[in-house]
K.L.:
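Below are the structure tokens for one structure; questions will follow.
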Number of protein chains: 2
Amino acid sequence: MIGLAGAGVAGLAATGGALALSRAEQPRPEPVAGFGDAVEFYGVRQAGIVTPAQDRLHFVAFDVITGKKAELLAMLEAWTAAAARMTAGLDAGTIGAVGGIPEAPPDDTGEAIGLPPSGLTLTIGFGPGLFRDATGRDRFGIASKKPEALADLPHFPGDTIDPKISGGDICVQACAHDPQVAVHAVRNLARIGMGVVSVRWSQLGFGRTSSTSTGQVTARNLFGFKDGTANLKAEETQLLDEHLWVRDGDGPAWMTGGSYLVSRKVRMLVETWDRTPLGEQETIIGRTKGSGAPLTGKDEFDEPDFTVKKDDAPVIALDSHVRLAHHSQNQGARMLRRGYNYVDGSDGLGRLDAGLFFISYQRDPHRQFVPVQKALARTDALNEYIRHVSSGVFACPPGLLAADDHWGRVLLS
Amino acid sequence: MIGLAGAGVAGLAATGGALALSRAEQPRPEPVAGFGDAVEFYGVRQAGIVTPAQDRLHFVAFDVITGKKAELLAMLEAWTAAAARMTAGLDAGTIGAVGGIPEAPPDDTGEAIGLPPSGLTLTIGFGPGLFRDATGRDRFGIASKKPEALADLPHFPGDTIDPKISGGDICVQACAHDPQVAVHAVRNLARIGMGVVSVRWSQLGFGRTSSTSTGQVTARNLFGFKDGTANLKAEETQLLDEHLWVRDGDGPAWMTGGSYLVSRKVRMLVETWDRTPLGEQETIIGRTKGSGAPLTGKDEFDEPDFTVKKDDAPVIALDSHVRLAHHSQNQGARMLRRGYNYVDGSDGLGRLDAGLFFISYQRDPHRQFVPVQKALARTDALNEYIRHVSSGVFACPPGLLAADDHWGRVLLS
């Protein structure tokens with residue numbers, strides 16, 4: 001260790017020199033403009049998909065614990081009203097300063113009072129279990145409406161999925177610039193849903209790992225690399241039509257204009273990664289750590305050239321992450337990624353319990369996420385450093401156009 | 001449930017009316033000025049105690065796994081240099097764009113490249129186990145330097161402490177406006193300490209639950225109430241001298257000018273709380289939910305009057321939280337609180353695993369935190385809704401004045 005510490009100190013000494021890579025000297029990304037502003041809830045698409053990725057996430061998956069369709073419908077209607085209200089930055093009307101009803105529980109849990117809307121978006125998705133539960137029962141008479149694209153994801157080589165933090169009948173993705181606002185929203189939906197749904201699992205995330213707009217700087221994941229450089233962007237409307245939004249004829253009509261969400265919690269063995277030489281890290285990813293440029297290019301957004309060789313070996317290795325994940329190597333399959341970094345404390349073995357909460361949206365997970373993940377699971381050099389521990393797939397319907405519409409209507413009523 | 005949902009919808013409808021408590025209409029606290037700025041690392045006091053509370057936390061406790069004092073000293077020296085560098089917003093010099101050393105692991109994990117200093121503070125504390133380990137061994141020959149004030153906290157009635165997420169030989173409190181910057185700092189300290197320390201437990205927090213400066217708006221905890229209204233503030237220098245900073249003669253000289261940190265992870269049973277009528281919530285806390293005013297006052301900062309009665313009963317109940325915690329009821333005992341809200345996902349029983357990561361700083365935990373917590377543990381009406389699940393006490397030495405000083409010097413060299 002003394003040797004290691006010595007090396008560390010030597011490295012630190014170098015920061016005084018010309019080679020120093022200084023955060024302080026770099027352009028400082030002050031918080032995004034409109035940090036406190038509201039994102040419109042109503043629209044042709046659900047917000048929270050191509051919306052420029054906010055920096056904080058609270059993702060929740062619910063089990064439906066009632067068998068009564070009317071109860072589920074009433075809850076989804078109440079949820080919709082609450083979502084419209086919370087994304088607009090409105091609290092319920094009967095708490096606190098203006099006089100509440102002392103005999104009744106408050107209509108809102110209150111921890112977001114005084115906080116601005118903070119770009120909150122709430123995006124809902126329906127899981128396979130809503131159509132047919134674990135025992136095969138069609139509780140709500142909607143099994144015939146289940147899209148083929150919503151079939152369970154297959155087991156991938158190396159998967160160590162924990163069912164307790166996977167799946168779910170309904171998911172809600174809450175994104176905001178302030179985690180308290182995202183947490184508040186999820187909690188109030190859970191409160192409103194008491195007796196109808198039960199929280200199956202939930203995940204907090206910080207530090208978006210993808211840009212969903214060309215106006216955003218690419219962020220870094222916990223391996224220290226820029227992530228999502230080749231992501232679909234909101235401005236690429238033609239690509240979105242091709243890869244993101246469900247088209248008429250793709251499946252049941254209620255999903256036309258929607259998108260399918262895949263969630264994967266990917267534990268990263270950061271301590272092992274941190275002991276890996278820089279050159280090896282860059283070979284594994286296929287990009288330069290500093291700029292994010294592909295190893296065959298100079299700038300982040302240069303297209304990787306998988307044909308370039310040096311000393312008879314491909315410059316971007318055959319088992320590198322960028323090659324295996326790239327749409328050019330996957331029959332053009334692309335996704336809109338919207339993942340977040342997470343740290344869930346430590347694992348009891350002296351290591352941080354940290355990684356990437358991967359979220360992707362696509363027209364059909366089985367034609368986009370699945371083949372790419374199959375290729376990655378088989379040969380990605382990164383597999384030594386990651387473990388997939390949770391998995392989910394959800395059908396996210398199109399947006400709501402009017403205040404009298406609600407999240408349950410197209411599917412359940 | 002239909003009944004509940006109905007009530008919810010009725011409540012929502014009321015938001016259109018005059019009683020609506022609108023977040024959108026309230027003054028919008030845009031992110032704090034200087035969001036990206038650096039906080040000075042060197043100074044008479046450690047930063048991160050009276051520094052205006054940043055909004056994000058990563059707290060880590062380490063076990064020391066070496067028995068060699070020289071290794072521990074070398075690590076603390078390397079940590080100090082890294083902390084000075086990271087709080088200034090500097091990454092190590094040899095990563096990425098400017099050319100790294102391909103054969104060596106990077107000097108920095110890289111996920112904060114491009115991010116501003118973000119108000120990062122790193123505050124170190126030493127736990128009882130550093131002076132004498134669990135087997136009673138004085139590994140580093142410093143048992144005689146152990147302050148009496150660092151004695152283990154007693155067991156309090158109702159405590160359900162999990163030793164796996166409690167205690168530790170060394171703690172580091174990382175606070176920043178950006179969680180990625182706080183996480184990055186803790187991770188790099190863990191990386192530098194490899195072989196010398198091992199992460200025992202770590203906790204992320206968001207949404208500060210206390211103000212440490214009169215310039216800050218009081219934030220809300222996950223019970224929806226303003227928290228820390230009566231907190232000590234950086235500007236109250238006389239009170240800080242009396243209650244916060246260790247004085248000459250209080251104990252061993254190495255702690256003079258420092259402070260003692262108590263950490264308590266307090267799980268909140270938010271679902272149970274959310275079913276409690278507003279009037280009962282306010283009686284339990286002793287304050288109004290909206291404004292945070294004591295039940296005997298009108299404004300948040302009105303002093304609670306514990307003598308006022310109505311119908312022969314005290315307006316602020318005898319078992320209310322504000323009464324039991326108030327310094328006037330505890331021989332004047334005050335603390336500087338610096339806690340954060342947390343959500344660690346869900347608990348597998350359909351509930352959010354959420355609560356308050358309580359942090360307090362004081363001159364002597366056994367004269368300040370302990371008697372107050374004893375009173376609370378015995379009779380606080382809030383106990384029905386909370387569980388203390390982790391506990392820690394750490395001695396935080398004074399600040400470092402010069403770049404050639406380091407965190408290990410006063411105690412270990």
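In the text below, chain A, chain B and the rest are named by the order of the sequence lines, each starting its count at 1. What you see is a predicted model; the values in this text were computed from it and never measured.
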K.L.:
Against chain A, label B:D178 side chain, backbone, both or neither, depending on which of its atoms sit under 4.5 Å from a heavy atom there.
P.N.:
both
K.L.:
With A:F59, which residues qualify under ring-ring contact (aromatic ring centres under 6.0 Å, His included), at least two apart?
P.N.:
A:W201, A:F357
K.L.:
With chain A, which of B:G279, B:G207, B:A190, B:A84 has the greatest number of heavy-atom pairs at distances under 4.5 Å?
P.N.:
B:G279
K.L.:
What residue in A:A104, A:G348, A:S198 has the most heavy-atom pairs under 4.5 Å with chain B?
P.N.:
A:A104
K.L.:
Quick one: what part of A:R275 sits under 4.5 Å from any heavy atom of chain B, side chain, backbone, both or neither?
P.N.:
both
K.L.:
How long is the gap from CG on A:D107 to CG on B:D274, to the nearest 0.5 Å?
P.N.:
11.5 Å
K.L.:
With respect to chain B, which residue among A:K68, A:E103, A:R187, A:H58 yields the maximal number of heavy-atom pairs within a distance under 4.5 Å?
P.N.:
A:R187
K.L.:
If you count heavy-atom pairs under 4.5 Å with chain B, which of A:V186, A:V343, A:T283, A:I65 comes out on top?
P.N.:
A:V343
K.L.:
Checking A:L222 against chain B: side chain, backbone, both or neither under 4.5 Å from a heavy atom?
P.N.:
both
K.L.:
Could you grab the distance from atom CG of A:L115 to atom CZ of B:R220, nearest 0.5 Å is fine?
P.N.:
8.5 Å
K.L.:
Might you point out which heavy atoms bring B:R56 and A:H177 nearest each other, and give the distance in Å?
P.N.:
NH2-O, 4.1 Å
K.L.:
Name the option with the most non-hydrogen atom pairs under 4.5 Å to chain A; the candidates are B:R200, B:K226, B:Q281.
P.N.:
B:Q281
K.L.:
Tell me every residue that passes side chain to side chain contact (heavy atoms under 4.5 Å, CB included) with A:E280, counting only those two or more places apart in sequence or in another chain.
P.N.:
A:T276, A:P277, A:I284, A:Y385
K.L.:
Contact part of A:Q180 toward chain B, heavy-atom cut-off under 4.5 Å: side chain, backbone, both or neither?
P.N.:
both
K.L.:
So which of B:G292, B:A219, B:A354, B:G350 has the largest heavy-atom pair count under 4.5 angstrom toward chain A?
P.N.:
B:G350
K.L.:
Can you measure from CD (A:E111) to CZ (B:F225) and round to the nearest 0.5 angstrom?
P.N.:
12.0 Å
K.L.:
Below 4.5 Å from any heavy atom of chain B, which atoms of A:N341 appear? Answer side chain, backbone, both or neither.
P.N.:
side chain
K.L.:
Considering all heavy atoms of both residues, which atom of B:S202 and which atom of A:L352 are nearest to each other, and what is their separation?
P.N.:
OG-CD2, 3.8 Å
